[in-house]
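Since the structure comes first, as C-alpha cells, the remarks are kept for the end.
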Amino acid sequence: MQSILLALQGALSQGLLWAIMALGVYITFRLLNTSDLSVDGSFATGGSVAAILISNNVNPILAILAAIFSGAIAGFITGFLHTKCKIPAILSGILTQLSLYSINLRIMGRSNIPLLKYDNIFKSFSESTGINTMMSTIIIGAIIIVLVIGIMYWFFGTEIGSALRATGSNENMVRSLGVDTNYAKIIGFMIANALVAFSGALVTQSQGYADVKMGTGAIVIGLASIIIGEVLVRKGTNFALKLSAIVFGSIVYRSAVAVVLQLGLNTDDLKLFTAVLVAIALTAPVIVESSDRNKMVKSEEEQ
Amino acid sequence: MEAMLKLTNINKTFNPGTINENKVLNNVNLTLEPGDFVTVIGGNGAGKSTILNVVAGVFPVDTGTIILDGEDITKLPEHKRAKHIGRVFQDPMQGTAADMEIQENLAMANRRGKNRGLAWGITKEEKEKFYKLVKELGLGLEDRLSDKVGLLSGGQRQALTLLMSTIQKPDILLLDEHTAALDPKTAKIVLDITNHIIENQNLTAIMVTHNMRDAIKIGNRLVMMSEGNIIYDVKGEEKSKLKVDDLLKKFEEYSGDEFSNDRILLQR
Ligand SMILES: Nc1ncnc2c1ncn2[C@@H]1O[C@H](COP(=O)(O)OP(=O)(O)O)[C@@H](O)[C@H]1O
Ligand SMILES: [Mg+2]
C-alpha cells in the first residue's frame, strides 16, 4: 500500500512534467489539425541541451531557457520543411526527428549524461524549503503548468493566436482573410516543440540524467494524455478547461502506468501497453457515439 | 472614371504540356467600373470560377495583367491581395471556420489585410459592432455570437460569410455560385442579403450564377462565358430587358453544338 501511494505520488509529479509536452502536442494535433512527429526528437533535444549545460555548471534555469529555444528551432525546421518545401507534415516531422537523433548525440557528445552530482531546480527548491524532492517536483510542476496554461490561454486569444487556430480549422478561408498561413503554421510548430523541449529539460532534471533515447514514444504519450483528457472531461468548451483536461489526462496516464508496473508488468512491455491504451482511447469516442446513437434510436422507438 | 478592375489579355492553361492540357481562359479582357455589379453565366467548365480565382490570386496567370483600383496585383500572392478582395464560395463550409465562434470568425474578417499582433483577438467594441451587423441579417444569429459556426445551417453560414467578406469594404466582392448549394427559399434570402449589402456599401462585385433569372434581375451588367471566352457582355437597360430565352439564343449563336449540353446546365 505504502509503495502504491509512493508510486502514485511519482505518477503525479511525472504526469505534471510530461503534461507540458502533451500541451505542445495539442497545439499541432488539435489546433493546427496536423501531425507533428518531430516531438520524439525535440523532447530529447530539450533534455540534451539542458544536460550538457548543467554538466558544464550553467544555471539550471538558464539551461531550461536554452532547451526551450532549441525546441523552437526544431519546430521551425519541421514547419519550414512542411510549408516551404511542401513535404507532408508527417514526413517533415519524421525527417526532423531522425536528424535530431544525430544532433542530440552531437550536443551531448555521448548517448547519456548523468546529472546526479549537479544542481537542478527541484533539488534547489527542496534544499531551500526543506520540502522533500518529490513534493518539490509536484509543487514546481504545478506552478509551471499553471503558467504555461495561462500563457497559452492568452496567446491563443490574441490576433496571431486566433489566426493560428483558424488555420487549423479552415486554411483557405484564413488565407483569403489575408493571413500568411505558412507563417501561422511555422509559429505553431515552433511553440509546440518549444513546449516539448521544455518538458524534456524538466524531466531530465527530475530524473537526473539525459539519454538520447528518452523521447522515444513521446508523441504517443502526448496523444494518450490528450485523448484520455478528452474522454474524461467531455463537457465544456472553455479553452483553459480543455488544456487542464490534458494535464489531467497526463496524470491519469502516469498513474495507470504506475499501477500496472506495481501489478507486475514488465517495463519492457510498457510501450506496448501505451500503444494499446491509446488505441483503446482513440476508439472510445466511436463507441460512445454509437451507444449514443443506439439510445437515440431506442428513445425514438419508445415514442 | 478610373476602372476598379481591369483584366487585360488574361490567359490560363492548366497542366500545360501534358495530355491533360486545358486552356481555360483565352485572352480574356474585362473592365469593371466602380460600383459595377456583374453577373456571370456560362456552362460548366466555361472558366467562370477560374476568372474569380485569377483575380483572387489562387493561382498565377500565364500572361496578362490584373489591375485593381489602379494597382497592378498580377504578381501579388493570395494573402496579400486579400486586403482588397472579399470572397464567398459555393460550399458553405469554405468561407467560415467551423471550430470557431461566430464572433471569432467575424473578428478574423474584421482584420482582413491588417497586421495581426499580440493584441486580444476580439475587442468589446467589435462585439457591439458585430451584434448590430448580425442583427441586420435578420436571421436571429445576434444572440448566438459565441456559438461555434459549425452549428449553423448552410444558409446561415453563407449569410455570415457575406458579412465577413464585406465587413472591411473590399475593392471587389467575388461571389462564386454562393447560393447554389442552398434550397430555393434560403437561396432567395441569401440573395436578398447579397443585394442589400452590395447596394448599401456601393460595392463593385462579380457574381457567378447558374440561375439565369437571377443573372438578369440582379446587378447592372451581365457577362456570358463559353470555353474561356467572354461571348456576351451587356449593361444597363439593355440588360434589364433581357429574357431567359434571349440568353439561351445568344448561347446557341456562339457555342453551336455544345448548346444542348449547356442548356441542361443553365437553369431558367
Ligand atoms: N486548379 C485546377 N487545376 C486544373 N484544372 C482546373 C483547375 N481549376 C479548374 N480547372 C479546369 O478548368 C476548367 C474551368 O473550370 P472552372 O473555371 O471551375 O469552370 P466553371 O465555369 O464551371 O466555374 C475546367 O475544365 C476545370 O476542370
Ligand atoms: Mg465554378
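Each chain gets a letter, A, B and so on, in the order the sequences are listed, and its residues count up from 1. As the structure is a computational prediction, the values presented were derived from the model and not from experiment.
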Are more than 12 heavy atoms from other residues, nucleotides or ligands located less than 6.0 Å from atom [atom1] of [X]?
| X | atom1 | result |
| --- | --- | --- |
| F59(B) | CZ | yes |
| N115(B) | CG | no |
| Y183(A) | OH | no |
| L91(A) | CG | yes |
| K169(B) | NZ | yes |

Within the structure provided, determine whether [X] and [Y] are in side-chain contact (heavy-atom separation under 4.5 Å).
| X | Y | value |
| --- | --- | --- |
| E104(B) | R165(A) | yes |
| R175(A) | V58(B) | no |
| T181(A) | H79(B) | no |

Item to check | N/O donor-acceptor pair under 3.5 Å between N170(A) side chain and M93(B) backbone | outcome: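 Checking the backbone N and O of M93(B) against the side chain of N170(A), a donor-acceptor pair under 3.5 Å is found.
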
Item to check | Portion of A56(B) that has a non-hydrogen atom of chain A nearer than 4.5 angstrom | outcome: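 Neither part.
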
Checklist entry - With only heavy atoms counted, which part of K148(B) is less than 4.5 Å from chain A, the side chain, the backbone, both or neither? => result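 K148(B) touches chain A through side-chain heavy atoms alone.
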
Spacing of [atom1] belonging to [X] relative to [atom2] belonging to [Y], to within rounding of 0.5 Å:
| X | Y | atom1 | atom2 | value |
| --- | --- | --- | --- | --- |
| L118(B) | E159(A) | CG | CD | 8.5 Å |
| S162(A) | R111(B) | OG | CZ | 7.5 Å |
| L31(A) | D99(B) | CG | CG | 9.5 Å |

Checklist entry - Which residue out of K83(B), R112(B), R81(B) racks up the most heavy-atom pairs below 4.5 Å with chain A? => result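 That would be R112(B).
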
Checklist entry - Under a 4.5 Å heavy-atom cutoff, which of G113(B), P77(B), A119(B) has the most pairs with chain A? => result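 Between G113(B), P77(B), A119(B), the count favours A119(B).
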
Closest non-hydrogen atom pair between [X] and [Y], with its separation:
| X | Y | result |
| --- | --- | --- |
| M173(A) | M164(B) | SD-CE, 4.0 Å |
| S169(A) | A98(B) | OG-N, 3.4 Å |
| Y153(A) | W120(B) | O-CH2, 3.9 Å |

Checklist entry - Where do R116(B) and T158(A) land on the side chain to side chain contact (heavy atoms under 4.5 Å, CB included) test, with the steps shown first? => result CA-CA 9 Å; R116(B) 285 157 218 258; T158(A) 64; over 6 Å; no

Item to check | Heavy-atom proximity to chain B below 4.5 Å, by part of F155(A) | outcome: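 For F155(A), the side chain is the part near chain B, not the backbone.
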
